[in-house]
Colleague: 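Before we start, here is the structure in question, set down as structure tokens.
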Amino acid sequence: MTAIQALRGTRDILPDEIIYWQHVEAVARRILNRAAYREIRTPIFEQTDLFERGIGEATDVVSKEMYTFKDRGERSLTLRPEGTAGVVRAFIEHHLHAQGSAQRLWYLGPMFRYERPQAGRQRQFHQIGVEVLGSADPRADAEVIAIATDLLQTLGLKTLRLEFNSIGDRDDRQHYRQALVDYLTPFKEDLDLDSQDRLTRNPLRILDSKDQRTQDILQSAPSMLNFLSPASQQRFEQVQQLLTDLGVSYRINPRLVRGLDYYTHTVFEIQSDDLGAQATVCAGGRYDGLVSELGGPETPAVGWASGIERLILLLQQQPLTGSALDIYLVSRGKQAEAQALRLAQTLRQLDFSVELDLSGSAFGKQFKRADRSGAVLCLILGDAEAETETVQLKWLKTGTQESVAQADLVATAHKLRQRITAEQAAEQPVS
RNA sequence: GCGACCGUCGCCAAGUGGUAAGGCAGAAGAUUGUGGCUCUUCUAUACGUGGGUUCGAUUCCCAUCGGUCGCCCCA
């Protein structure tokens with residue numbers, strides 16, 4: 001019988017790795033909360049229609065990467081491939097626009113895309129994202145980007161690049177698209193095959209083709225930046241100015257386009273050189289047309305999403321110290337073992353982290369495990385201690401040992417706390 | 001979806017067409033209530049799975065599943 005294994009492109013996150021997840025989540029919560037963003041949780045599956053309309057039917061994500069299936073009521077459902085569409089749907093459905101000016105929201109959760117897995121890319125992956133709904137102010141664009149860089153910096157990630165561009169409004173893009181097609185059509189035979197296909201389907205995406213010959217041809221192609229209307233141009237400059245004021249460094253990349261149809265004006269990506277082909281760690285932009293496209297009121301919006309697996313891939317290049325166990329409790333003998341269980345529970349209620357050895361094996365073996373557990377203090381309960389209701393405190397760092405009445409230990413818990421904290425600080429200078 | 005490489009114990013890893021080294025981790029003991037060192041012993045009827053070739057395959061071939069890298073695309 002062959003054991004069942006996790007499906008392709010999915011994986012288990014085991015206890016040894018979870019510390020990175022908890023760290024990312026804790027840092028994200030802190031940063032988003034202090035910027036007055038509020039968490040929203042939306043369903044993992046939605047009507048297929050939502051994504052087709054929201055993301056764009058011609059995009060790769062929708063046309064070939066969605067997990068779409070029929071439920072028992074013959075409804076077409078899709079596991080969400082990204083977070084924005086669901087958030088916007090909820091925003092409209094619950095009339096959040098009526099709650100005041102801009103809604104600042106964030107989310108965190110699994111997304112699903114049917115793709116060939118490779119490093120930094122899975123079929124079930126996790127994103128953390130923010131959306132500001134209801135503000136057209138360029139400061140919203142700048143704020144959202146600054147929060148992203150703040151998050152990444154606080155996580156300790158270095159050598160990241162912020163690429164930034166404006167793709168204008170719909171009219172700007174329409175004009176530019178035409179100009180680009182006009183320019184490229186004579187060269188059609190010389191473009192790589194994918195780009196030839198994109199010439200009719202999605203010409204803007206030719207801009208970030210990795211084919212050298214295509215890139216050569218693009219050298220003298222018209223630039224998006226020359227097709228921005230005066231208003232779009234002004235807005236682009238304002239956001240740049242604000243980013244500079246905030247001390248956020250960026251690089252303008254006129255070739256930066258995004259794969260989802262809903263973007264307007266500001267688009268950006270934050271990339272790392274340490275991730276191989278999947279370099280983008282955070283990406284987003286403005287999407288002024290999406291809310292109305294999905295049946296809501298005309299609502300300007302801006303946001304981004306970041307791939308948690310990719311963040312963690314980068315974080316793991318620098319080790320993170322684990323949360324230390326306070327106490328390892330060893331015991332031997334019927335009465336002692338029963339007391340030990342109770343003592344462990346009491347100490348936990350006093351907020352110590354306590355691991356109880358359940359093996360019942362020789363003390364020597366139990367000490368060995370105590371040592372490896374990373375605990376700073378070992379409590380020992382044997383027949384002698386059980387008889388007198390005392391407990392031996394053995395400080396694993398120094399080997400010093402003392403006997404204390406169990407009742408006293410509990411009564412003076414704050415002193416114990418102080419001493420444990422001091423020991424832990426001494427052995428772990430880095431946090 | 002396309003191309004390439006890879007798949008031997010929980011982890012790392014050697015190896016050969018003739019029947020599976022080693023290291024780490026784990027368990028037991030040296031040490032009947034005191035750890036981090038040391039020593040001893042144990043831990044793969046089996047080399048992702050299924051077929052085929054062969055007297056015989058973990059080693060060759062095919063398929064399949066999975067991983068990695070690149071393309072596509074994206075977080």
Side-chain angles (χ1 to χ4, degrees), chain A residues 1-11 14 16 55 58-66 80-84 108-129 148 152 192-195 197-198 201-202 205-206 208-211 257-260 268-272 275-284 303-314 328 330-333 336 357 359 361-375 377-386 392-401:
Chain A
M1 188 167 53
T2 315
I4 294 174
Q5 47 185 219
L7 288 168
R8 174 163 230 199
T10 69
R11 49 184 240 112
L14 299 174
D16 282 344
I55 301 171
T59 62
D60 282 48
V61 169
V62 170
S63 63
K64 54 187 210 196
E65 294 172 4
M66 294 208 302
R80 63 183 185 194
E82 56 97 58
T84 301
L108 163 64
M111 307 293 164
F112 305 84
R113 257 118 94 160
Y114 193 90
E115 295 185 275
R116 183 95 183 243
Q118 63 188 69
R121 183 209 278 167
Q122 296 163 219
R123 290 182 173 180
Q124 175 175 343
F125 62 103
H126 297 76
Q127 285 186 335
I128 183 160
L152 298 170
D192 59 279
L193 290 174
D194 287 316
S195 292
D197 182 47
R198 284 184 289 212
R201 278 183 46 241
N202 199 347
R205 295 218 58 86
I206 297 175
D208 56 13
S209 168
K210 285 178 188 161
D211 184 80
V257 284
R258 314 258 29 264
L260 280 37
F268 70 95
E269 284 188 11
I270 300 175
Q271 303 174 339
S272 164
L275 280 174
Q278 269 60 50
T280 302
V281 99
C282 177
W304 52 255
S306 184
I308 299 181
E309 280 83 357
R310 291 184 187 176
L311 293 178
I312 287 175
L313 242 30
L314 291 172
Y328 194 94
V330 309
S331 58
R332 196 155 162 76
D357 192 307
S359 70
S361 53
F363 272 120
K365 299 296 175 192
Q366 297 200 47
F367 283 120
K368 197 166 197 158
R369 286 184 214 106
D371 191 50
R372 292 186 183 177
S373 73
L377 175 66
C378 181
L379 293 187
I380 306 153
L381 257 165
D383 294 330
E385 288 78 17
Q392 299 281 332
L393 309 203
K394 183 184 175 80
W395 297 92
L396 291 164
K397 210 62 190 160
T398 55
T400 56
Q401 194 166 327

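First the proteins, then the strands, lettered A, B, ... as listed; each starts at 1. On a predicted model such as this, the values are computed, not experimentally measured, just so you know.
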Colleague: Quick one: A:R258 CZ to B:rA75 C1', roughly how many Å, whole number?
Modeller: 9 Å

Colleague: Would you tabulate the nitrogen or oxygen pairs shorter than 3.5 Å linking the protein to nucleotides 9-13 of chain B?
Modeller:
none

Colleague: Checking A:E309 side chain against A:H126 main chain: does a donor-acceptor pair fall under 3.5 Å?
Modeller: yes

Colleague: Go through the steps for A:C378 and A:V330 under the test side chain to side chain contact (heavy atoms under 4.5 Å, CB included), then give the verdict.
Modeller: CA-CA 7 Å; A:C378 181; A:V330 309; 3.9 Å; yes

Colleague: Quick one, A:I206 and A:D192 - any side-chain contact, counting heavy atoms below 4.5 Å?
Modeller: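 No, too far: nothing below the 4.5 Å cut-off.
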
Colleague: Just wondering, are more than 12 heavy atoms of other shown residues or ligands nearer than 6.0 Å to CZ in A:F363?
Modeller: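 More than 12 within 6.0 Å, yes.
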
Colleague: Mind checking the P distance from B:rG50 to B:rU58? Whole angstroms is fine.
Modeller: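 My reading of the P atoms in B:rG50 and B:rU58 gives 11 Å.
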
Colleague: Grab the CG-P distance between A:D197 and B:rC71 for me, whole Å please.
Modeller: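 About 18 Å, once rounded to whole Å.
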
Colleague: Requiring both pairing distances under 3.5 angstrom, list the stems that contain RNA chain B and are made of three or more consecutive Watson-Crick or G-U pairs.
Modeller: B:1-7 with B:65-71, B:10-12 with B:22-24, B:26-30 with B:38-42, B:48-52 with B:60-64

Colleague: Report the residues that fulfil salt bridge (Lys or Arg N to Asp or Glu O under 4.0 Å) with A:D208, sequence neighbours left out, ordered by chain and then residue number.
Modeller: A:R205

Colleague: Please determine whether a side-chain nitrogen of the Lys or Arg among A:E269 and A:R258 lies less than 4.0 Å from a carboxylate oxygen of the Asp or Glu.
Modeller: yes

Colleague: Find out whether A:Y328 and A:L379 are in side-chain contact, i.e. whether some heavy atom of one side chain is under 4.5 Å from a heavy atom of the other.
Modeller: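 A side-chain contact is absent here, since even the closest heavy-atom pair is not under 4.5 Å.
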
Colleague: Expressed in angstrom and rounded to an integer, what is the separation of A:F112 atom CZ from B:rA75 atom P?
Modeller: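 That distance rounds to 16 Å.
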
Colleague: Provide the distance between the two C1' atoms, one in B:rU59 and one in B:rC6, to the nearest whole Å.
Modeller: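 After rounding to an integer number of Å, I get 15 Å for this pair.
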
Colleague: Have a look at A:Q122 and say if it touches a base, only the backbone sugar-phosphate, or nothing, with a 4.0 Å heavy-atom cut-off.
Modeller: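 Result for A:Q122 = base.
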
Colleague: Under 3.5 Å, is there a donor-acceptor pair between the side chain of A:R121 and the main chain of A:R116?
Modeller: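 Confirmed, A:R121 side chain pairs with A:R116 backbone.
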
Colleague: Give the rounded distance in Å between these two atoms: CD of A:Q127 and P of B:rC74.
Modeller: 13 Å

Colleague: Between the side chains of A:S195 and A:D211, is a donor N or O closer than 3.5 angstrom to an acceptor N or O?
Modeller: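 Absent: no donor and acceptor within the cut-off.
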
Colleague: Using the P atom in both, what is the distance from B:rG1 to B:rU64, to the nearest Å?
Modeller: 11 Å

Colleague: In whole angstrom, give the distance that lies between atom CD1 of A:I308 and atom C1' of B:rC74.
Modeller: 16 Å

Colleague: Tell me whether A:R123 contacts the main-chain N or O of A:E115 through its side chain, where contact means a donor paired with an acceptor under 3.5 Å.
Modeller: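 Here the side-chain-to-backbone pair exists.
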
Colleague: If you only use heavy atoms from C-beta on, which nucleotide in B:rA75, B:rG35, B:rC71 is closest to the side chain of A:L396?
Modeller: B:rG35

Colleague: First locate atom CZ of A:R369, then atom CG of A:D357, and finally report the distance between them rounded to the nearest 0.5 Å.
Modeller: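 The CG atom of A:D357 is 5.0 Å from CZ of A:R369, to the nearest 0.5 Å.
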
Colleague: Mind checking side-chain contact (heavy atoms from CB on, under 4.5 Å) for A:D60 and listing every partner two or more places apart, or none if nothing turns up?
Modeller: A:K64, A:E65, A:R201

Colleague: What is the distance, rounded to the nearest whole Å, between atom CD of A:Q124 and atom P of B:rA75?
Modeller: 17 Å

Colleague: For A:R310 and A:S272, test the side chains for any donor-to-acceptor distance below 3.5 angstrom and give the result as yes or no.
Modeller: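 The answer is no; no qualifying pair exists.
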
Colleague: Determine the Euclidean distance between corresponding C1' atoms of B:rC72 and B:rU53; express it in Å to zero decimal places.
Modeller: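 These two C1' atoms come out 38 Å apart once rounded.
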
Colleague: Between B:rC69 and B:rG51, how far apart are the two C1' atoms, rounded to whole Å?
Modeller: 29 Å

Colleague: Grab the N/O contacts between the protein and nucleotides 1-7 of chain B below 3.5 Å, and write none if there aren't any.
Modeller:
unit_1	atom_1	unit_2	atom_2	d
B:rC2	N4	A:R116	NH1	3.0

Colleague: Between atom CG in A:L377 and atom C1' in B:rG35, what is the gap in whole Å?
Modeller: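 Rounding to the nearest Å, CG of A:L377 and C1' of B:rG35 are 13 Å apart.
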
Colleague: Expressed in angstrom and rounded to an integer, what is the separation of A:R11 atom CZ from B:rG66 atom C1'?
Modeller: 14 Å

Colleague: Protein-nucleotides 27-34 of chain B N/O pairs closer than 3.5 Å?
Modeller:
unit_1	atom_1	unit_2	atom_2	d
B:rA27	OP1	A:R369	NE	3.4
B:rG33	O6	A:D383	N	3.1
B:rG33	O6	A:A384	N	2.6
B:rG33	O6	A:E385	OE1	3.4
B:rG33	N1	A:E385	OE1	2.8
B:rG33	N1	A:E385	OE2	3.2
B:rG33	N2	A:E385	OE2	2.9
B:rU34	O2	A:K394	NZ	3.0
B:rU34	N3	A:Q401	OE1	3.2
B:rU34	N3	A:Q401	NE2	3.1
B:rU34	O4	A:Q401	NE2	2.7

Colleague: Do A:E82 and A:I55 have side chains that get closer than 4.5 Å, going by heavy atoms?
Modeller: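 A side-chain contact under 4.5 Å exists here.
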
Colleague: For the side chain of A:D371, starting at C-beta, report the closest nucleotide among B:rG67, B:rA75, B:rG36.
Modeller: B:rG36

Colleague: Using heavy-atom distances to pick each residue's nearest nucleotide on RNA chain B, tell me which of A:E65 and A:W395 is more 5'.
Modeller: A:W395

